[in-house]
Amino acid sequence: MNLPDHAGWKKMANEFTHQTKAFIGGDYVDAQSGKTYETINPATEKMTAHVAACDAHDVDIAVKSARTAFNDGRWSRLAPRERGKVLQKLAALVLDHADILALMECLNVGKPIMEARMADINLASEALKWYGEAIDKLTDEIIATPDNVRATITREPMGVVGVVVPWNFPLLMACWKIAPALAAGNSVIIKPSEQTPQSILKLAELAIAAGIPEGVFNVITGHGTEAGAAIGLHNDIDCLTFTGSTAVGKKFLEYSGRSNMKTVWLECGGKNPNIVMADCPDMDKAVMNAAMNAFFNQGEVCAAASRLLVEETIKDEFIERVAMIGKTRVPGDPLNPKTNLGAIVDKNQYDRVNRYINKGQEEGADLVLGGDTVTIDGTGLYINPTIFKNVQSTMTIAREEIFGPVLAAISFKDINEAINIANDSPYGLAAGIWTRDINVAHKAARDLQVGSVSINSYSSIDIALPFGGYKQSGIGVDKSLHAIEKYTNMKSTWLELD
Ligand code: NAD
């Protein structure tokens with residue numbers, strides 16, 4: 001693969017023109033109010049664009065457009081195979097534009113360009129392709145009835161689906177939702193995070209080029225409290241699918257209750273335990289995984305292995321080895337293909353992570369790595385990989401989602417204690433267990449209150465596996481065939497014959 005070098009990516013960044021308009025009814029449009037807001041590149045702290053600040057008025061126009069498209073059947077009534085072909089074409093177009101899409105993620109999120117290029121964009125394309133390929137393989141049900149009756153259970157698209165996503169993997173989180181929603185025949189209105197609108201706005205252009213009809217795919221840019229709330233409260237949106245913080249997820253449940261009782265699906269926060277037993281079969285792999293999954297994407301990952309639970313007898317050596325790997329993740333210019341740790345997305349998040357680091361020290365945890373910030377050429381929101389040990393599960397850094405490169409290491413005496421600590425959390429997204437003992441592995445897989453358990457690995461992300469949370473990590477799943485169910489209504493039809 002022929003990818004640009006550092007100078008090449010910088011040149012592309014200098015020449016890049018940011019999209020500043022929302023995308024409604026097949027066209028890029030300003031907010032009706034004319035208002036805009038600024039996006040900032042966290043690596044340079046410089047303003048990058050003035051983007052349309054949409055509000056309830058714009059959301060209403062987008063909903064009308066999406067509803068008209070849904071009702072006239074231009075997409076909803078296409079044969080599933082035809083919709084599938086369009087989604088597969090869109091997947092191919094995403095790959096054709098992978099460099100520019102990766103650049104957009106890099107400039108908006110501050111993430112390393114190669115991680116954006118190789119992970120975010122490839123996985124986003126894969127999601128579109130996978131649902132495109134899957135949708136004509138599904139069948140409905142016929143029920144056993146008396147001879148004079150034909151009773152069926154069918155799945156129908158819900159109508160207009162509102163999609164609200166975060167900034168950590170902008171295009172990927174969007175595609176995990178819009179791919180099954182569109183495959184099922186819905187129209188969608190998506191609101192990217194205010195920090196990261198570019199890649200999703202570009203996807204709108206590619207969607208039209210792939211053959212998704214006008215009005216079926218709309219992008220509302222703007223603030224959560226205005227545009228996001230207006231989507232949540234709209235009376236003609238049938239389903240709302242959200243990825244983001246637990247606090248905002250709860251607001252969408254309220255919005256639904258205050259409006260039309262739309263179905264709400266939530267993918268929220270995590271504080272994920274990665275449990276390492278002394279009989280771990282491959283310590284090198286466990287050390288590498290513990291570090292990589294704590295610091296990948298600056299730790300801004302819902303499924304980050306942010307709580308390291310290590311058996312007492314091996315804890316010092318294991319944590320020391322994780323710290324050695326942590327040191328190899330060095331903050332650098334996200335446009336440099338060699339960079340493996342980028343900037344924190346914005347000043348709010350940077351301050352928040354630093355507050356947690358201070359809190360960890362105040363509450364008595366031992367800092368073994370990092371804890372400090374850096375600048376590159378005198379600027380940028382960078383935080384060094386940070387590890388605390390001797391963390392108690394009552395401490396704030398063990399309980400709250402930090403969403404930064406901060407690892408809290410807790411020790412335990414046996415598997416029962418490890419599982420108790422792991423489950424002592426309002427979250428339940430993902431977990432890892434490293435052991436040679438199949439009985440321990442089985443017990444952990446059964447007793448951990450999380451949506452995904454990895455055994456002797458961490459966080460397998462295959463698109464065919466559901467990904468969702470227990471407890472306050474969410475409601476419903478992304479990925480897998482089960483995600484399609486989220487965007488369909490189930491209908492029973494009883495046909496009585498002569
Ligand atoms: P966030 O909750 O602040 O924002 C998410 C989205 O909600 C954004 O588009 C935002 O504009 C919108 N929003 C914010 N306030 C709103 C309001 N009052 N009403 C309506 N909409 C509003 O989350 P974030 O900071 O963008 O992302 C980080 C969070 O996302 C973390 O908690 C992380 O765990 C979570 N996340 C979860 C998953 C998962 O699959 N479980 C994946 C990625 C990220």
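Just so we're clear, the structure is a prediction, and the values are computed from it rather than from any experiment. One-based numbering, in listed order, for ligands and for the atoms of each.
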**Asked** Should Phe467 be counted as touching ligand 1, given the test is an N or O pair under 3.5 Å?
**Response** no
**Request:** Give the contacting part of Thr246 toward ligand 1: side chain, backbone, both or neither, where contact means a heavy-atom distance below 4.0 Å.
**Result:** neither
**Selection from Trp176, Phe242, Phe403 by shortest heavy-atom distance to atom 5 (C) of ligand 1** = Phe242
**Asked** Is there any N or O on His223 that sits under 3.5 Å from an N or O of ligand 1?
**Response** no
**Item:** Nitrogen or oxygen of Cys268 less than 3.5 angstrom from that of ligand 1
**Value:** yes
**Request:** May I ask you to check whether Gln195 and Asp346 show a side-chain donor-acceptor distance below 3.5 Å?
**Result:** yes
**Fill in**
Any heavy atom of Val301 under 4.0 Å from ligand 1? The part involved is neither
**Asked** Taking all non-hydrogen atoms of both residues, which atom of Phe296 and which atom of Ala119 are closest, and how far apart?
**Response** CZ-CB, 4.4 Å
**Item:** Any donor-acceptor N or O pair under 3.5 Å, side chains Lys111, Asn297
**Value:** yes
**Basic-acidic side-chain contact under 4.0 Å: Arg329, Glu115** = yes
**Complete:** Within the 4.0 Å heavy-atom cut-off, what Glu300 brings close to ligand 1 is neither
**Request:** Would you tell me whether Thr39 and Thr48 have side-chain atoms, one donor and one acceptor, within less than 3.5 Å of each other?
**Result:** yes
**Side-chain H-bond candidate by donor/acceptor type, Tyr37 with Thr221, under 3.5 Å** = no
**Asked** At the 4.0 Å heavy-atom cut-off, does Ala229 count as touching ligand 1?
**Response** yes
**Under-4.0 Å heavy-atom contact with ligand 1, by part of Glu401 that carries it** = side chain
**Salt bridge present between Lys35 and Asp55 (N-O < 4.0 angstrom)** = no
**Prompt:** Ion pair present between Asp60 and Lys64, side-chain N to carboxylate O less than 4.0 angstrom?
**Reply:** yes
**Prompt:** Looking at ligand 1, does any of its N/O atoms fall within less than 3.5 Å of an N/O of Glu194?
**Reply:** yes
**Message:** Going by side-chain contact (heavy atoms from CB on, under 4.5 Å), Val322 matches just one of Leu369, Val310, Ile387. Which one?
**Reply:** Ile387
**Item:** ligand 1 to Thr225 polar contact by distance, N or O atoms, under 3.5 Å
**Value:** no
**Contact check: Tyr255 vs ligand 1, nitrogen or oxygen atoms, below 3.5 angstrom** = yes
**Request:** Would you check whether Trp167 has a nitrogen or oxygen atom less than 3.5 angstrom from a nitrogen or oxygen atom of ligand 1?
**Result:** yes
**Prompt:** Looking only at distance, does Val165 have an N or O less than 3.5 Å from an N or O of ligand 1?
**Reply:** yes
**Request:** Ignoring hydrogens and angles, state whether a donor on the side chain of Trp9 or Asp99 is under 3.5 Å from an acceptor on the partner side chain.
**Result:** no
**Request:** Just need the protein heavy atom nearest to atom 15 (N) of ligand 1, so name the residue and atom and give the distance.
**Result:** Val248 CG2, 3.6 Å
**Asked** Please walk me through it: do Ile383 and Gln298 pass side chain to side chain contact (heavy atoms under 4.5 Å, CB included)?
**Response** CA-CA 8 Å; Ile383 299 178; Gln298 301 69 248; over 6 Å; no
**Asked** Going by distance alone, is a donor N or O of one side chain under 3.5 Å from an acceptor N or O of the other, for Lys359 and Thr396?
**Response** no
**Region of Phe169 engaging ligand 1 - heavy atom pairs below 4.0 Å** = neither
**Request:** Could you tell me whether ligand 1 has any atom less than 4.0 Å away from a heavy atom of Ser193?
**Result:** yes
**Message:** Check contact between Pro192 and ligand 1, using heavy atoms of the residue and a distance below 4.0 angstrom.
**Reply:** yes
**Residue portion contacting ligand 1 (non-hydrogen atoms closer than 4.0 Å) for Glu267** = both
